[in-house]
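This report refers to the structure that appears directly beneath it.
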Amino acid sequence: MSNAASELPAIRCRGLVKRYADVTAVDGLDLEVLPGECFGLLGPNGAGKTTTIEILEGLTEPDAGEVEVLGLRWKNSERELRERLGISLQETQLTEKLTVGETVRLFASFYASARDPETVLAELSLTEKRDARVGKLSGGQKQRLAVACALVGNPDILFLDEPTTGLDPQSRRELWDQIARFRATGGTLLLTTHYMDEAEKLCDRIAIVDKGKVISLGTPRDLISQLPSAYVVEIDTEPNWSAETWRAIPGVEEARRFGEVWSLAVTSLTEAVPELLAAVEREGAKLLHLSTHRATLEDLFVALTGRALRDE
């Protein structure tokens with residue numbers, strides 16, 4: 001491959017628009033994913049992540065905009081692109097009467113340069129389920145099988161839409177290891193997720209999407225550094241105070257309420273926590289809950305949109 005070709009984005013879209021009746025799911029979205037990169041689309045349900053990824057995969061036609069994948073366009077190169085992509089949808093419907101082994105072998109048969117199905121089954125911890133029918137699998141096992149079907153074609157680009165939803169912690173870690181192995185071979189990965197630890201661990205760059213638009217883009221560290229405060233205190237008292245009361249306490253930069261719990265952005269825990277406890281005692285209030293954490297991508301999303309990332 002020439003240097004000029006290698007510098008082309010693995011995925012590029014410009015001005016992407018998709019409408020469903022009166023709802024605009026994707027609204028002028030621009031993205032570039034570099035070769036060998038793990039790129040994350042982050043946002044709540046309804047943000048437009050799945051619609052975007054389905055357009056890039058060639059499964060949905062956009063109403064406007066242009067898409068290039070591996071320097072090719074779906075209109076002219078669909079067959080070639082299908083050979084070079086692996087796709088795991090948010091909900092993959094597989095034939096329930098086939099066994100796990102039969103399913104992976106079937107998907108392998110669709111590709112000219114497929115991987116060994118038994119190797120892929122082992123990598124996804126599905127060897128023991130080789131002879132089990134798909135309809136008898138748990139939700140997490142079906143999710144791992146969908147990823148196995150995406151990997152067996154030996155793709156250049158892997159699309160994973162919410163790949164660890166429904167997985168137990170051990171299965172999530174195993175899938176993370178599989179993603180690392182795929183990237184070690186030079187593969188490019190586009191991932192949608194709403195799990196913060198997943199995005200921060202796996203992704204080189206992240207686009208935060210809301211209402212069909214990219215509202216922030218960068219590395220996980222760079223995105224989090226946009227926040228004015230490095231720490232968050234979550235607190236609940238009885239009676240419950242107003243935002244103005246919390247903001248008046250030294251060290252508190254911002255206050256947002258989620259249910260009964262307040263999320264307070266603070267620059268220093270050693271300064272803010274004693275001041276908060278002193279204020280609670282001074283006002284004769286009852287402390288019901290207090291916890292602290294370093295600022296995360298979810299805190300950034302709240303700061304940008306005023307909504308929690310996992311709001312339904």
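Because only heavy atoms are used, hydrogens play no part in the values below, and waters and symmetry mates are left out as well, while side chains stay in.
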Quiz item: Any salt bridge between E96 and R133, counting N to O under 4.0 Å?
Solution: no
Self-check item: Side-chain ion pair, R79 and E83, N-O less than 4.0 Å
Solution: no
Self-check item: Intermediate values then yes/no, side chain to side chain contact (heavy atoms under 4.5 Å, CB included), V280 and W241
Solution: CA-CA 10 Å; V280 170; W241 293 351; 4.0 Å; yes
Can a side-chain donor-acceptor contact be found between [Y] and [X] if the only test is distance below 3.5 angstrom?
X	Y	answer
E198	T193	yes
D27	T24	no
N154	S113	no
R144	Q141	no
D222	S225	no
T165	Q143	no
T99	D131	no
S125	E174	yes

Considering all heavy atoms, the nearest [X]-[Y] contact:
X	Y	value
S88	A150	N-CB, 4.0 Å
T127	A122	OG1-CA, 3.3 Å
R82	G58	NH2-O, 3.1 Å
K49	L41	CD-O, 3.5 Å
W74	L56	NE1-O, 2.9 Å
W176	L202	CD1-CD1, 3.7 Å

ILVMFWY cluster, [X] and [Y] together (side-chain gap under 4.5 Å):
X	Y	result
L158	L34	no
V233	V302	no
V147	L89	no
I208	L31	no

Practice problem: Could you give me the CA-CA distance, side-chain angles and deciding distance for F39 and L217, then say whether side chain to side chain contact (heavy atoms under 4.5 Å, CB included) is met? | Solution: CA-CA 10 Å; F39 190 96; L217 173 68; 3.7 Å; yes
Quiz item: Can you list the steps and then say if I157 with L189 is a side chain to side chain contact (heavy atoms under 4.5 Å, CB included)?
Solution: CA-CA 6 Å; I157 299 179; L189 192 141; over 6 Å; no
Would you check if [X] and [Y] make a side-chain contact, meaning some heavy-atom pair closer than 4.5 Å?
X	Y	answer
F107	L94	yes
V17	P62	no
F301	S216	no
V232	V266	no
E234	H293	yes
V33	P9	no
P274	T270	no
T219	I206	no

How far does [atom1] of [X] sit from [atom2] of [Y], to the nearest 0.5 angstrom?
X	Y	atom1	atom2	result
L42	T192	CG	OG1	9.5 Å
L124	D177	CG	CG	11.0 Å
L151	L160	CG	CG	7.5 Å
S171	Q178	OG	CD	13.0 Å
L223	D299	CG	CG	12.5 Å
E253	L227	CD	CG	11.5 Å

Spell out, as yes or no, whether a donor-acceptor pair under 3.5 Å connects the side chain of [X] to the backbone of [Y].
X	Y	value
S229	Y231	no
T51	G48	no
R183	G36	yes
D63	R19	yes
T95	K97	no
D236	H289	no

Exercise. Before giving the answer on side-chain hydrogen bond (donor to acceptor under 3.5 Å, both in side chains), spell out for R173 and Q170 the whole-Å C-alpha distance, their side-chain angles and the decisive distance to 0.1 Å.
Key: CA-CA 5 Å; R173 293 286 179 177; Q170 180 179 347; over 6 Å; no
Quiz item: Checking salt bridge (Lys or Arg N to Asp or Glu O under 4.0 Å) for the pair E123/R115: CA distance, chi angles, key distance, verdict?
Solution: CA-CA 12 Å; E123 289 176 351; R115 298 180 61 202; 2.9 Å; yes
Donor-acceptor contacts, no H, no angles, side chain residues 64-72, under 3.5 Å, sequence neighbours left out:
{"unit_1": "E66", "atom_1": "OE2", "unit_2": "R12", "atom_2": "NH1", "d": "3.1"}
{"unit_1": "E66", "atom_1": "OE2", "unit_2": "R12", "atom_2": "NH2", "d": "2.9"}
{"unit_1": "E68", "atom_1": "OE2", "unit_2": "R12", "atom_2": "NH2", "d": "3.4"}
{"unit_1": "E68", "atom_1": "OE2", "unit_2": "R73", "atom_2": "NH2", "d": "3.2"}

Practice problem: Using salt bridge (Lys or Arg N to Asp or Glu O under 4.0 Å) as the criterion, point out the one residue from E32, E37, E200 that pairs with R205. | Solution: E37
Quiz item: Given the rule in the side chain to side chain contact (heavy atoms under 4.5 Å, CB included) test, do V209 and T52 qualify, once you have shown the distances and angles that lead to the verdict?
Solution: CA-CA 10 Å; V209 180; T52 297; 5.6 Å; no
Self-check item: Steps toward salt bridge (Lys or Arg N to Asp or Glu O under 4.0 Å) verdict (R257, E260)
Solution: CA-CA 7 Å; R257 183 174 177 175; E260 296 301 313; 3.5 Å; yes
Quiz item: Is it the case that more than 12 heavy atoms not belonging to E61 sit under 6.0 Å from its CD atom?
Solution: no
Exercise. Assess whether atom NZ of K129 is packed by more than 12 heavy atoms of other residues, nucleotides or ligands within 6.0 Å.
Key: no
Quiz item: Does R172 make a cation-pi contact with Y195 (under 6.0 Å, within 45 degrees of the axis)?
Solution: yes
Quiz item: With respect to I235, which candidate in L277, L288, L290, V273 satisfies the side-chain contact (heavy atoms from CB on, under 4.5 Å) definition?
Solution: L290
